[in-house]
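Structure first, commentary second.
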Amino acid sequence: PPRSTLFPYTTLFRSEALGRAAYANGDRELATRAYTSIAEVAPTNSAYLKRAGWLLLTLVRKDIEKKGDVRDETVDLEAASLALAMFRRAYKERQDDPNIIRGLAMAQWLGNQFNAAIATLEQAAKTSFPARYGNVRRVFTEEADIIHYAADLRDRRTKPSESYQFRATLSWETDANDLDLHAQLYGNDHVFYSHARDRYSDLRLYQDLTAGLGPEVMTMSQSQGKLRVGARLFAAGAFSVVRGVLTVITFTRDDVAFYPRILPFSANADGQLQVLAELTAEVGTQGYRESGHALCDFDSSCRRSFQYSSP
């Protein structure tokens, strides 16, 4: 392709790599500049603007950062506002991508605009979307209900739930690709498109979406130890690398506040299964850990390595 076609694509990768490196080195200001620069390169590209929004959302909640032994509980409202602006610009360019609307609602939630996030999702649930997105109305409705519960917890209008709740939602950038969501509890079944329900718990995949941009969803309401969540690029379109994002929501009866974890990632067209997160159910959000460097080939040996070995 001509250089003019590849320029925004390569710049996106460079901006994302710079932002991730800056964040890892504690330079949040440079990370923010790197992510927002994506809008300068591709101001009317909905996929790039959406990607910039998801990346900025990784900067909002500081409670995953630690200073010594002290956890930083503050919120970067500027990052939330910038992410919200990115999703709004993306939506202006494309209204038929439900994940832009989900991103917009997540930005509102992470920025403590609970009512606005609920209204965004409830309105989207009344909108018709192409069939390739599956039952996305259910996704909108359930996410609105979760944010409503989070708002009630914040305002002390309700007590913490007695049950553990886990929810992972996978989406991706271009609809010529097919990514698949995978998960497994320690010692239980490997749940994915051809085995959609765990025989030993209620961990399950809603539906396998082979066209469109997701979202694919897994849920569980039983606390059963360690859980791995991953993704695999099943079919690639024009590019050898596909960008996706995983949102993870967990809460237990011990959580008086909770927020989504945003995990942007890149998947290669090499048949590898990427483990994106590990969670410890007993302690809810505090047990969350990113593990984006664990890779394996999707064959029998991969399934053994993705699965937990016997104690």
Side-chain angles (χ1 to χ4, degrees), residues 7-23 27-62 64 75-121 123-124 127 129 133 136 139-140 143 147 169-175 212-215 239 241-249 259-266:
F7 176 68
Y9 187 72
T10 56
T11 302
L12 170 62
F13 272 97
R14 292 171 181 170
S15 297
E16 182 168 340
L18 175 60
R20 287 180 179 271
Y23 182 68
D27 192 340
R28 297 175 60 86
E29 181 179 357
L30 180 57
T32 302
R33 288 180 60 191
Y35 295 154
T36 54
S37 70
I38 295 172
E40 299 173 9
V41 176
T44 59
N45 187 307
S46 63
Y48 290 7
L49 292 168
K50 178 176 63 174
R51 184 65 172 183
W54 288 121
L55 291 168
L56 285 163
L57 286 185
T58 66
L59 306 177
V60 177
R61 300 297 308 182
K62 297 183 181 180
I64 60 172
V75 180
D76 187 342
L77 292 178
E78 179 185 7
S81 177
L82 289 169
L84 186 60
M86 294 292 178
F87 285 117
R88 282 175 171 162
R89 290 177 64 176
Y91 183 74
K92 181 179 179 181
E93 300 299 327
R94 183 173 185 179
Q95 292 81 46
D96 71 330
D97 179 355
N99 297 297
I100 293 176
I101 300 172
R102 291 184 54 251
L104 199 158
M106 293 297 163
Q108 291 167 326
W109 180 11
L110 284 163
N112 291 327
Q113 300 178 38
F114 290 79
N115 291 337
I118 295 167
T120 294
L121 292 168
Q123 180 61 40
T127 304
F129 287 89
Y133 294 118
V136 71
V139 178
F140 289 141
E143 288 184 339
I147 299 173
T169 306
L170 174 70
S171 61
W172 52 95
E173 299 295 322
T174 51
D175 56 14
L213 308 164
F239 298 104
V241 178
V242 176
R243 295 178 300 276
V245 64
L246 181 72
T247 60
V248 178
I249 300 171
Y259 292 88
R261 301 291 182 176
I262 310 298
L263 287 170
F265 66 94
S266 296

>> Measuring only between side-chain heavy atoms, which start at C-beta, is L121 closer than 4.5 Å to W109?
In response: no

> Taking atom CD1 of I262 and atom CH2 of W54, what is their separation to the nearest 0.5 Å?
Replying inline: 5.0 Å

> Which atom names give the shortest non-hydrogen contact between S37 and S15, and what distance separates them?
Replying inline: OG-OG, 3.2 Å

> After noting the C-alpha distance and the side-chain angles of L57 and T247, does the key distance pass the side chain to side chain contact (heavy atoms under 4.5 Å, CB included) rule?
Replying inline: CA-CA 11 Å; L57 286 185; T247 60; over 6 Å; no

> How many angstroms lie between atom OG of S46 and atom CD of Q95, to the nearest 0.5 angstrom?
Replying inline: 9.5 Å

> With the threshold set at 4.0 Å, does a side-chain nitrogen-carboxylate oxygen contact exist between R89 and E93?
Replying inline: no

> Of the non-hydrogen atoms in N99 and D97, which two are nearest, and what is the gap between them?
Replying inline: N-OD1, 2.9 Å

> F140 and P98: which non-hydrogen atoms are nearest, and at how many Å?
Replying inline: CZ-CB, 3.5 Å

>> Distance check, rounded to the nearest 0.5 Å: R28 atom CZ versus L59 atom CG?
In response: 5.5 Å

> Are Y23 and Y35 an aromatic pair by the rule of ring centers under 6.0 Å?
Replying inline: no

> Closest approach of V136 and F129, non-hydrogen atoms and distance?
Replying inline: CG1-CD1, 3.9 Å

>> Quick check for you: to the nearest 0.5 Å, what is the distance between T58 atom OG1 and L110 atom CG?
In response: 10.0 Å

> With side chains defined as the heavy atoms from C-beta onward, is the minimum distance between V75 and R61 less than 4.5 Å?
Replying inline: yes

> After noting the C-alpha distance and the side-chain angles of E16 and R20, does the key distance pass the salt bridge (charged side-chain N to carboxylate O under 4.0 Å, His left out) rule?
Replying inline: CA-CA 6 Å; E16 182 168 340; R20 287 180 179 271; 3.3 Å; yes

> Less than 4.5 Å apart, any side-chain heavy atom of T169 and any of M106?
Replying inline: no

> According to the salt bridge (Lys or Arg N to Asp or Glu O under 4.0 Å) rule, which pairs have a member within residues 103-119, sequence neighbours left out?
Replying inline: none

>> I'd like to know whether V245 forms a side chain to side chain contact (heavy atoms under 4.5 Å, CB included) with L263, so could you lay out the CA-CA distance, the side-chain angles of the two residues, the decisive distance to 0.1 Å, and finally the verdict.
In response: CA-CA 5 Å; V245 64; L263 287 170; 5.5 Å; no

>> I want to check a possible cation-pi pair here: R102 against F87, using under 6.0 Å from ring centre and within 45° of the ring axis as the test.
In response: no

> Can you tell me how far the CG atom of L49 sits from the CZ atom of R94, to the nearest 0.5 Å?
Replying inline: 12.5 Å

>> I need the minimum non-hydrogen distance between V242 and W172, along with the two atoms involved.
In response: CG1-CB, 4.4 Å

> In terms of side-chain heavy atoms, does T32 have a donor or acceptor partner in E78 at a distance below 3.5 Å?
Replying inline: no

> Can you name the nearest heavy-atom pair linking A117 to Q108, along with the distance?
Replying inline: CA-OE1, 3.2 Å

>> Rounded to the nearest 0.5 Å, what separates atom CD1 in I101 from atom CD in E143?
In response: 11.0 Å

